**Q** 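Before I ask anything, here is the structure I am working with.
Note that the coordinates shown come from a computational prediction; the quantities given were computed from them, not determined experimentally.
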Amino acid sequence: MISASTKRNTLAAILFLAAAMPAYAHVGAGTTSSFTAGFMHPLSGLDHMTVMIAVGLWAAMKGGRAVWAWPLAFVGVMLAGAAFGMLHVPVPFVEPGILASVVALGLLVALAVDLPVSAGAAIIGLFALFHGHAHGTEVPENAGGLEYMAGFAVATALLHTVGIAAALGLGLRFRSMIRAAGAACAAVGVGLAFGML
C-alpha cells in the first residue's frame with residue numbers, strides 16, 4: 001500500500017515538472033521529421049502536457065469505460081487532426097482551441113464534472129482535433145509524417161497514463177487533490193492565454 005504522503009508527493013512532482021516545461025509546443029517549434037521529434041513534442045510545451053494529463057485525471061475520476069475510452073478518443077481524433085493538418089485542410093481557431101482546451105479540461109477536473117462517457121469523448125475529441133491539426137501542420141511537405149505522428153501519439157498516450165496513474169494512486173480519499181490539479185491546469189491555460197506563462 002502506498003502511503004498518503006507518497007501519493008501527495010508524486011502528484012506534486014508531476015505538477016512541478018509540468019510547470020517547469022517551456023510553453024512553445026505550437027506550430028513551427030522544433031524539428032518534425034522523426035519519431036523522436038514527435039515523441040518529444042507533447043513533452044516540450046506546457047499546453048500539451050497539461051491537457052494530456054488533465055484527460056487522464058478526468059478519465060480516472062469518471063472511472064469505468066472512460067479510463068480507456070477518453071484517452072483513446074483523444075489519440076484517435078488527434079491523429080485525424082494531424083492528417084488534416086498535413087493535407088492542409090483548414091480548421092478554424094486552432095490556437096484558441098488549444099488554449100481553451102487547457103482551461104476547459106482543467107475545469108472539468110476541478111469541478112469533477114460527471115458526464116456520460118460519450119459526451120466526455122465528444123468534448124475530448126473536439127479539443128484533440130485542434131491539438132492534432134497543430135501537430136500535422138508542422139510536418140514539412142518533403143517529410144514522411146508517419147514516424148512523427150507515431151511519436152506524438154505514443155507520448156500523448158503516456159501522458160494520459162500519468163494522469164490516470166496519479167488520480168488512481170491518490171484514490172477517492174484524496175479527490176480534493178485531484179480537483180486541485182485540475183484547477184492548476186485551468187490556471188495554466190489562463191496564464192498561457194494572457195501571456196503570463
Side-chain angles (χ1 to χ4, degrees), residues 1-26 41-75 78 95-117 119-128 130-131 155-197:
M1 187 77 182
I2 300 172
S3 72
S5 64
T6 301
K7 291 176 184 179
R8 284 192 299 272
N9 291 338
T10 301
L11 181 59
I14 290 167
L15 293 175
F16 175 77
L17 288 172
M21 299 301 289
Y24 62 82
H26 292 284
H41 185 79
L43 306 176
S44 66
L46 192 53
D47 52 356
H48 291 281
M49 282 188 62
T50 305
V51 167
M52 306 318 162
I53 291 172
V55 167
L57 291 171
W58 194 35
M61 287 178 78
K62 174 66 176 172
R65 290 187 310 125
V67 172
W68 60 265
W70 288 356
L72 184 62
F74 194 101
V75 173
M78 181 186 66
E95 287 299 320
I98 289 171
L99 289 174
S101 72
V102 181
V103 175
L105 286 165
L107 287 175
L108 289 167
V109 174
L111 300 173
V113 175
D114 186 13
L115 294 178
V117 173
I123 291 168
I124 287 167
L126 173 65
F127 291 135
F130 296 132
H131 284 267
T156 295
L158 288 175
L159 287 169
H160 291 328
T161 303
V162 167
I164 292 167
L168 293 179
L170 288 171
L172 293 177
R173 292 186 333 170
F174 297 101
R175 196 171 178 92
S176 61
M177 289 186 65
I178 300 167
R179 294 178 69 177
C185 292
V188 165
V190 172
L192 290 171
F194 289 96
M196 296 182 288
L197 294 176

**Q** Mind listing the closest non-hydrogen atom pair of Val117 and Arg65 along with its distance?
**A**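 Closest approach of Val117 to Arg65, heavy atoms only: CB-NH2, 3.7 Å.
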
**Q** If every non-hydrogen atom of Met49 is compared with every non-hydrogen atom of Leu43, which pair is closest and at what distance?
**A**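 Smallest heavy-atom distance, with atoms named: SD-O, 3.6 Å.
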
**Q** Is the shortest side-chain heavy-atom distance between Leu107 and Val113 below 4.5 Å?
**A**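 A side-chain contact is absent here, since even the closest heavy-atom pair is not under 4.5 Å.
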
**Q** Considering all heavy atoms of both residues, which atom of Met196 and which atom of Val190 are nearest to each other, and what is their separation?
**A**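 The answer is CE-O, 4.2 Å.
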
**Q** Is the shortest side-chain heavy-atom distance between Ile124 and Leu105 below 4.5 Å?
**A**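 Yes. Closest side-chain heavy atoms under 4.5 Å.
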
**Q** What I'd like to find out is whether the side chain of Val51 reaches to under 4.5 Å of the side chain of Phe127, using heavy atoms alone.
**A**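 Result no, sub-4.5 Å side-chain heavy-atom pair not found.
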
**Q** Using every non-hydrogen atom in the two residues, find where Pro42 and Ala155 come nearest and quote the distance to one decimal.
**A**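 Heavy-atom minimum between the residues: CG-CB, 3.9 Å.
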
**Q** Side chains of Ile164 and Trp70, heavy atoms from C-beta outward: is any pair under 4.5 Å?
**A**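 No. Closest side-chain heavy atoms not under 4.5 Å.
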
**Q** Between Leu158 and Val162, is any pair of side-chain heavy atoms under 4.5 Å apart?
**A**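 SC-SC contact between Leu158 and Val162 ruled out.
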
**Q** Working to the nearest 0.5 angstrom, can you tell me the gap between Ile53 CD1 and Thr156 OG1?
**A**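 Spacing of CD1 (Ile53) from OG1 (Thr156) equals 11.0 Å.
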
**Q** Less than 4.5 Å apart, side chain to side chain, heavy atoms only: is that true for Val67 and Lys62?
**A**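 Of all side-chain heavy-atom pairs linking Lys62 with Val67, none is under 4.5 Å.
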
**Q** Measuring only between side-chain heavy atoms, which start at C-beta, is Ile123 closer than 4.5 Å to Leu108?
**A**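 Yes, their side chains come closer than 4.5 Å.
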
**Q** Within the 4.5 Å heavy-atom criterion, are Val109 and Cys185 side-chain neighbours or not?
**A**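 The answer is no; the side chains never approach within 4.5 Å.
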
**Q** For the CE atom of Met52 and the CG atom of Asp47, what is their distance to the nearest 0.5 Å?
**A**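 CG of Asp47 is found 8.0 Å from CE of Met52.
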
**Q** Could you measure the distance from the OG1 atom of Thr161 to the CG atom of Leu168? Nearest 0.5 Å is fine.
**A**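 With rounding to 0.5 Å, OG1 (Thr161) is 10.5 Å from CG (Leu168).
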
**Q** What distance do Arg179 atom CZ and Leu57 atom CG have between them, rounded to the nearest 0.5 Å?
**A**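 Spacing of CZ (Arg179) from CG (Leu57) equals 13.0 Å.
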
**Q** What class does the angle between the rings of Phe74 and His131 fall in, given that below 30° is parallel, 30 to 60° is tilted and above 60° is perpendicular?
**A**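 Ring orientation, 0 to 90° scale: tilted.
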
